2 protein chains.
Amino acid sequence: MINRDVVVKIMKGGNVFAEHIGNTLQPYGLSLQQFNVLRILRGRNGAAASLESVTGDMIHRMSNTSRIVDKLLEKGLVERVLCPENRRKVNIFITQRGLKLLKKIDRVINQTEETLTASLSKQEMDQLLQLLNKINFYNTKYTK
Amino acid sequence: MINRDVVVKIMKGGNVFAEHIGNTLQPYGLSLQQFNVLRILRGRNGAAASLESVTGDMIHRMSNTSRIVDKLLEKGLVERVLCPENRRKVNIFITQRGLKLLKKIDRVINQTEETLTASLSKQEMDQLLQLLNKINFYNTKYTK
DNA sequence: CTACAACAGTTGTTAATACAATGATAAATA
DNA sequence: TATTTATCATTGTATTAACAACTGTTGTAG
């Protein structure tokens, strides 16, 4: 059953990758999900990032993203700013300290990511990415 | 950064797939991991399946596999048999009831797996699988 | 044979996650 | 405008997972 093989392989692969990256992050006191939030925020380049929009780029429900932000806040890596236009919203920003930490981590994460994909040539990676992009990884749990 | 794109895509894809399959299993009262254990046991065709060897096919540490088996035991879906040759080992077997439940679930899981991969042709799936098989998804946490 | 190390599995504990319920604000509608 | 409904986020709670410590068994070195 080729469908099953593909699905199982991707699930297992995702978990293994997550484990390795999590191990890489451990010395820096960040969980994989905390790291994800920081990278998402950096990617916004200062644009407003409501909790909802951040959750949209993650694998979590909003309730848990909220608590992940709590942890980052305790460490001074992000800021929470009530949105004045819509006081239901909360905008999250990465701090200088957060950016600095990310910069430091970037190197080792790059190394880990390269190691994890070392068995593929550039062409194969292109090809793989193209195939993966055809799959609609639609997550149903953004909003709750 | 193509390495990063591949790694991130597989991690996210794995999570999304797991979520969908988990949703499919919910009406049957099985978690994804309980289902994994059952499928692994069925795949052994009655061959001895120590807890350690089952853990080897999973994404978990043995301690958690042990508790997943507890749950399956409560439901009468597996049996625990102390290994007489080596009394440290415990062999796990799937029961008739477990096989019956799996058989029922197979249909809907097949459906879900097909839906998840519907955007790929047979050739593309072959190609994708071939590329994924080049990656060494080596998990470091089997034994603990 | 005894002592010590390694192995297979279980139990304890804390942190992370899923899911439900709530709170506060904004939007829609009567 | 008053009332209802929808939106955005947080809090509560039970389940699941990671990690460490422990139990019982086997292997091995002296």
Side-chain angles (χ1 to χ4, degrees), chain A residues 11 14-16 18-23 25-26 29-37 48-56 58-75 78-92 139-144, chain B residues 11 14-16 18-27 29-37 48-56 58-75 78-92 139-144:
Chain A
M11 285 197 295
N15 275 300
V16 171
E19 183 207 345
H20 283 277
I21 294 191
N23 288 344
L25 293 171
Q26 206 161 10
L30 285 183
S31 72
L32 176 57
Q33 304 309 339
Q34 290 169 22
F35 178 66
N36 277 346
V37 169
S50 69
L51 193 69
E52 188 185 30
S53 76
V54 173
T55 302
M58 298 188 54
I59 59 161
H60 279 93
R61 291 176 164 69
M62 192 158 56
S63 62
N64 294 323
T65 308
S66 182
R67 275 184 269 236
I68 292 166
V69 169
D70 287 344
K71 296 286 177 67
L72 294 172
L73 213 75
E74 286 170 22
K75 300 176 197 166
V78 302
E79 276 181 318
R80 257 199 188 108
V81 181
L82 277 166
C83 176
E85 294 89 38
N86 186 339
R87 277 161 36 210
R88 286 171 298 186
K89 292 198 177 187
V90 175
N91 286 323
I92 320 292
N139 187 326
T140 64
K141 60 189 173 188
Y142 287 162
T143 50
K144 283 175 190 172
Chain B
M11 285 197 295
N15 276 301
V16 171
E19 183 206 345
H20 283 276
I21 294 191
N23 289 343
T24 302
L25 293 171
Q26 205 160 10
L30 286 184
S31 72
L32 176 57
Q33 304 310 339
Q34 290 169 23
F35 177 67
N36 278 346
V37 169
S50 68
L51 192 69
E52 190 184 32
S53 77
V54 173
T55 301
M58 299 189 53
I59 58 162
H60 278 92
R61 291 174 166 69
M62 192 159 55
S63 63
N64 292 323
T65 308
S66 181
R67 275 184 269 235
I68 292 166
V69 169
D70 286 343
K71 296 286 178 66
L72 294 172
L73 215 74
E74 285 170 23
K75 298 174 196 166
V78 302
E79 276 181 316
R80 256 199 189 108
V81 181
L82 278 167
C83 176
E85 294 89 38
N86 186 339
R87 275 158 40 208
R88 285 171 297 188
K89 291 198 178 186
V90 175
N91 286 324
I92 319 292
N139 186 328
T140 63
K141 60 188 173 189
Y142 288 163
T143 50
K144 284 175 191 174

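Heavy-atom basis, side chains included; hydrogens, waters and symmetry copies ignored. Please read all numbers here as calculations on a predicted model, not as lab measurements.
- Comparing dA16(C), dA17(D), dA8(C) against the side chain of Asn64(B) picks out dA17(D) as the nearest.
- The CD atom of Glu74(B) sits 11 Å away from the P atom of dT15(D) (whole-angstrom rounding).
- In this structure, Ser66(B) does not reach the dG9(C) phosphate: none of its side-chain N or O atoms is under 4.0 Å from OP1 or OP2.
- The CG-C1' distance, from Asp70(B) to dG9(C), rounds to 11 Å in whole Å.
- At a threshold of 4.0 angstrom between heavy atoms, the contacts of Asn86(B) are confined to the sugar-phosphate backbone, with no base atom among them.
- Of the candidates dT25(D), dT10(D), dA26(C), the closest approach to any side-chain atom of Val90(A) belongs to dT10(D).
- Between Thr65(A) and His60(A) the shortest heavy-atom distance is OG1-CB, 3.9 Å.
- For the OP1/OP2 pair of dT16(D) and a distance below 4.0 Å, the side-chain nitrogens and oxygens of Lys71(B) include at least one atom meeting the criterion.
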Chi angles and distances behind the side chain to side chain contact (heavy atoms under 4.5 Å, CB included) call for Arg80(B), Asp70(B): CA-CA 9 Å; Arg80(B) 256 199 189 108; Asp70(B) 286 343; 2.8 Å; yes
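- In this structure the side chain of Leu32(B) reaches within 4.5 angstrom of the side chain of Leu25(B), judged on heavy atoms.
- With rounding to whole Å, Arg80(B) atom CZ is found 4 Å from dT10(C) atom P.
- To the nearest angstrom, C1' of dA16(C) lies 13 Å from CG of Asn15(B).
- Protein atom CD1 of Ile59(A) is 14 Å distant from nucleotide atom C1' of dT16(D), rounded to whole Å.
- Distance from the side chain of Ile68(B) is smallest for dA17(D) among the nucleotides dT25(C), dG9(C), dA17(D).
- Taking every heavy atom of both residues into account, Met58(B) and Asn36(B) meet most closely at CE-CB, 4.5 Å.
- Regarding His60(B), its NE2 atom lies at a distance of 20 Å from the P atom of dA8(C), rounded to whole Å.
- The shortest heavy-atom contact between Val69(A) and Leu51(A) is CG2-CD1, 3.8 Å.
- Between Arg67(A) and dC19(C), a side-chain N or O to OP1/OP2 separation shorter than 4.0 Å is absent.
- Using a 4.0 Å heavy-atom cutoff across all strands shown, Ser50(B) reaches sugar-phosphate atoms only and no base atom.
- Leu30(B) has its CG atom 16 Å from the P atom of dT15(D), to the nearest Å.
- Residues Met62(B) and Glu52(B) come closest through the heavy atom pair SD-CA, 4.0 Å.
- Comparing dA17(D), dT10(D), dA8(C) by their closest approach to the side chain of Glu52(B) singles out dA8(C).
- Nearer the 5' end of DNA chain C, as judged by each residue's closest nucleotide, is the contact made by Ser31(A), out of Ser31(A) and Asn23(B).
- Set against dT17(C), dA16(C), dT10(C), the side chain of Gln34(A) has dA16(C) as its closest nucleotide.
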Evaluation steps, side chain to side chain contact (heavy atoms under 4.5 Å, CB included), between Met11(A) and Ile21(B): CA-CA 10 Å; Met11(A) 285 197 295; Ile21(B) 294 191; 3.9 Å; yes
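- In this structure, CD of Gln33(B) is placed 13 Å from C1' of dA18(D), rounded to the nearest angstrom.
- Which of dG9(C), dA17(D), dC19(C) sits closest to the side chain of Met62(B) comes down to dG9(C).
- Taking only side-chain nitrogens and oxygens, Gln26(B) never comes nearer than 4.0 Å to OP1 or OP2 of dT15(D).
- For dA17(D), the OP1/OP2 oxygens have no side-chain nitrogen or oxygen of Arg61(B) closer than 4.0 Å.
- Applying the 4.0 Å criterion to OP1 and OP2 of dA26(C), one finds that Lys89(A) has every side-chain N and O outside that range.
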Could you list the protein-to-nucleotides 4-6 of chain D atom pairs, N/O on both sides, closer than 3.5 Å?
none

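- Taking all atoms of both residues into account, the shortest heavy-atom contact from Ala49(B) to Val54(B) is CB-CG2, 4.0 Å.
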